[in-house]
Amino acid sequence: MQTGAREAALETLMRCRRDGAWSGASIDAGIKKYELSRRDAALASRLCLGVIQNSSLCDYYIGCCCSAKLEPKVRDILRMGVYQLLFLDRIPARAAVSEAVALCKSQGCARAAGLVNAVLRRIADNINSLPLIPGEGTAGYLSIKYSHPAWLVQYLIDRKGYDFTEAFLRCCNSPAPLSIQVNTLKVSAADYARALARAELEYERCDAPEGCITLPGGSATELPGFDEGLFYVQDRAARMAVEIAAPKAGMRVLDACSCPGGKSFAAAIAMENCGSILSCDIHEKKLRLVRDGAQRLGIDIIETAAMDAREFKAELAESFDIVIADVPCSSFGVIAKKPEIRYKKLSDISRLPEIQRAILENSARYVKPGGRLFYSTCTILPEENEQVTDDFLKAHDEFTYEAFSLPNGVSAPGHLTLWPQRDNTDGFYLSRMRRKTHD
């Protein structure tokens, strides 16, 4: 019996629903609270993330078997049970049902235990002949099947087509790997890979960029060499963003929206810890993550400053070889890692382009003549991506797109959107611009 794992998962789901908490930090807190073993911690995480990823699908099948109005906690318990029946074939159906009933009793919902038992048994008994999702070939069908809001599904279909959209949604519901970057200031990628092999951990070295390694989930702090600063957590897309910006030893770099620091760390490593990097964030308390990370990695060329990236600092004008503006965005490119992001409303993100344009406008003022300006997001919406950079360039003829090539050989005329199902990265927008030199 793994009741502790299910209690931790249920508690996290309730916190996410009631308080808008992020699932990642909440499930970690639940794992510590219930002192779960590694096996139970993995189950708790899988249940929590799986339910968030598939809540509409679970609700559809619950609705096929039950017309009663459900208390939110009871619905959470039912969703967990349905998720196990649909996706976790290593858990016997009888265990999924009995554990859900036990949760009802232990969580003050004993009066609903009979209903939960009946609904889950009906689904279990008909698992190979469940009702078909209506509207195949429509946005509504994909919205239920992959549990994404209908507005986002229709938005993507209108711009990218049905098959492309379904592949993206499917990828968003797939388990997200843990991507790390080897700190080559301290160890080679090959030597660190050998350390993982000695620890009998499953991993895969990426062809590009050099030093990128993926693992099938887990906690980064438990990997070999974390305390020694042999690696840091960062997706391939974000690492490629820094490689495209192309910092070199001795340069002066501004990371305008730096927290939690991955791009600053990547730049420092590329610069061989020689030069200077100013890492900024609007919130001073977040900059501790950058300082602590740099110390762990043995990087000493990073300075931090609390700064609103929209507000001009005259003392920084035209003083940087490279300015990196990885701006706040809707984050729809990282739904696989943060599944609750999918439930954002259009109204939640409507003001983001205004903020992004302001940051880009201001960041451009810090670029030296002949220097580079790099704009990026972790979303796939053109309103936050190419529409922002295209409009910026129309208004600023002193800047121009500068073509680049990805480490995998793909070329781009100055900007490119990466898609997880196509590029095996986070969804990400990359844009490199050059400031013309004075005549």
Side-chain angles (χ1 to χ4, degrees), residues 6 9-10 12-18 20-24 26-27 44-66 70 72-89 91 96 100 119-120 123 127 130-158 160 162-176 217 330-349 379-381 419-421 426-427:
R6 290 173 171 84
L10 177 62
T12 300
L13 289 171
M14 291 191 296
R15 285 196 62 198
C16 293
R17 170 174 48 77
R18 288 189 319 232
W22 288 105
S23 58
S26 297
I27 193 61
S45 297
R46 183 73 184 274
L47 288 174
C48 176
L49 296 179
V51 168
I52 295 173
Q53 289 173 329
N54 295 278
S55 60
S56 296
L57 182 64
C58 292
D59 286 349
Y60 173 72
Y61 288 121
I62 291 169
C64 290
C65 301
C66 174
L70 300 170
K73 185 188 292 188
V74 174
R75 183 173 291 278
D76 289 336
I77 293 172
L78 275 171
R79 285 173 173 173
M80 285 175 55
V82 174
Y83 174 74
Q84 291 169 79
L85 294 173
L86 294 178
F87 296 101
L88 301 186
D89 53 11
I91 296 178
V119 170
L120 293 181
I123 292 173
I127 199 66
L130 292 173
L132 296 177
I133 300 171
E136 186 171 2
T138 68
Y141 173 85
L142 294 182
S143 177
I144 294 172
K145 183 176 181 180
Y146 298 104
S147 298
H148 282 67
W151 78 262
L152 177 59
V153 177
Q154 189 64 61
Y155 174 99
L156 292 171
I157 290 174
D158 290 344
K160 305 297 293 186
Y162 187 90
D163 292 342
F164 189 98
T165 297
E166 181 168 19
F168 171 74
L169 300 176
R170 185 186 302 114
C171 194
C172 289
N173 278 12
S174 300
S330 59
S331 301
F332 285 134
V334 293
I335 292 174
K337 294 176 179 175
K338 299 179 179 180
E340 49 272 90
I341 284 172
R342 74 188 68 199
Y343 299 115
K344 288 183 177 180
K345 299 176 182 177
L346 193 57
S347 58
D348 296 335
I349 62 176
T379 192
I380 40 77
L381 304 185
W419 291 83
Q421 78 279 15
D426 288 343

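All values below come from the heavy atoms of this structure, side chains included, with hydrogens, waters and symmetry mates left out.
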Checklist entry - Is there a side-chain contact between L10 and I77 (heavy atoms, below 4.5 Å)? => result yes
Item to check | A96 versus I91, closest heavy-atom pair with distance | outcome: N-CG2, 4.1 Å
Checklist entry - With no hydrogens and no angle check, do the side chains of Q53 and Y146 hold a donor and an acceptor under 3.5 Å apart? => result no
Checklist entry - Do T379 and S331 have side chains that get closer than 4.5 Å, going by heavy atoms? => result no
Item to check | Presence of salt bridge, E136 and K145, under 4.0 angstrom | outcome: no
Next on the checklist: Does any part of the side chain of D59, heavy atoms only, come nearer than 4.5 Å to the side chain of V82, both counted from C-beta?
Outcome noted: no
Checklist entry - So does R75 have more than 12 non-hydrogen atoms from other groups sitting under 6.0 Å from CZ? => result yes
Item to check | Modelled atom types, side-chain donor and acceptor of R46 and Y83, under 3.5 Å | outcome: yes
Item to check | Nearest non-hydrogen partners of A21 and S26, listed with the distance | outcome: CB-OG, 3.4 Å
Next on the checklist: R79 vs S55, test: side-chain contact (heavy atoms from CB on, under 4.5 Å). Steps then yes/no.
Outcome noted: CA-CA 7 Å; R79 285 173 173 173; S55 60; 4.0 Å; yes
Checklist entry - Between Y343 and I52, is any pair of side-chain heavy atoms under 4.5 Å apart? => result yes
Next on the checklist: For K338, is the NZ atom crowded, meaning more than 12 foreign heavy atoms sit under 6.0 Å from it?
Outcome noted: no
Next on the checklist: If I compare all heavy atoms of C66 with all of L70, which pair ends up nearest, and what's the gap?
Outcome noted: SG-CD2, 4.1 Å
Checklist outcome for this item: In short, L49 meets P339 closest at the heavy-atom pair CD2-CG, 3.8 Å
Next on the checklist: If you define the side chain from C-beta out and look only at heavy atoms, does anything of L85 sit under 4.5 Å from Y61?
Outcome noted: no
Item to check | From L47 atom CG to T12 atom OG1, the distance as rounded to the nearest 0.5 Å | outcome: 10.5 Å
Item to check | Worked check of side-chain contact (heavy atoms from CB on, under 4.5 Å) between V51 and C58 | outcome: CA-CA 8 Å; V51 168; C58 292; 5.6 Å; no
Checklist entry - Counting only N and O atoms by type, is there a donor-acceptor contact under 3.5 Å from the side chain of R18 to the main-chain atoms of R15? => result no
Checklist entry - Can you tell me how far the OG1 atom of T165 sits from the OH atom of Y155, to the nearest 0.5 Å? => result 11.0 Å
Item to check | Within-4.5 Å side-chain heavy-atom neighbours: P131 and Y60 | outcome: yes
Checklist entry - What distance separates L86 CG from L130 CG, expressed to the nearest 0.5 Å? => result 6.5 Å
Item to check | Side chain to side chain, D426 and P420, heavy atoms closer than 4.5 Å | outcome: no
Next on the checklist: Measuring from atom CZ of R170 to atom CD of Q421, what distance do you get when rounded to the nearest 0.5 angstrom?
Outcome noted: 9.5 Å
Item to check | Check: I349 main-chain N/O paired with K344 side-chain donor or acceptor under 3.5 Å | outcome: no
Item to check | Donor-acceptor pair, side chain of S143 and main chain of H148, under 3.5 angstrom | outcome: yes
Checklist entry - Under a 4.5 Å cut-off applied to non-hydrogen side-chain atoms, are C16 and W22 in contact? => result no
Item to check | Separation between CG of L152 and CD1 of I157, rounded to the nearest 0.5 Å | outcome: 10.0 Å
Item to check | Nearest heavy-atom neighbours spanning P72 and R17 | outcome: CB-NH1, 3.2 Å
Checklist outcome for this item: Nearest heavy-atom approach of S174 to A336 is O-CB, 4.1 Å
Item to check | L156 CG to F168 CZ distance, which is reported to the nearest 0.5 Å | outcome: 6.0 Å
Checklist entry - Hey, is the main chain of S56 close enough, under 3.5 Å, to the side chain of S147 for a donor-acceptor pair? => result yes
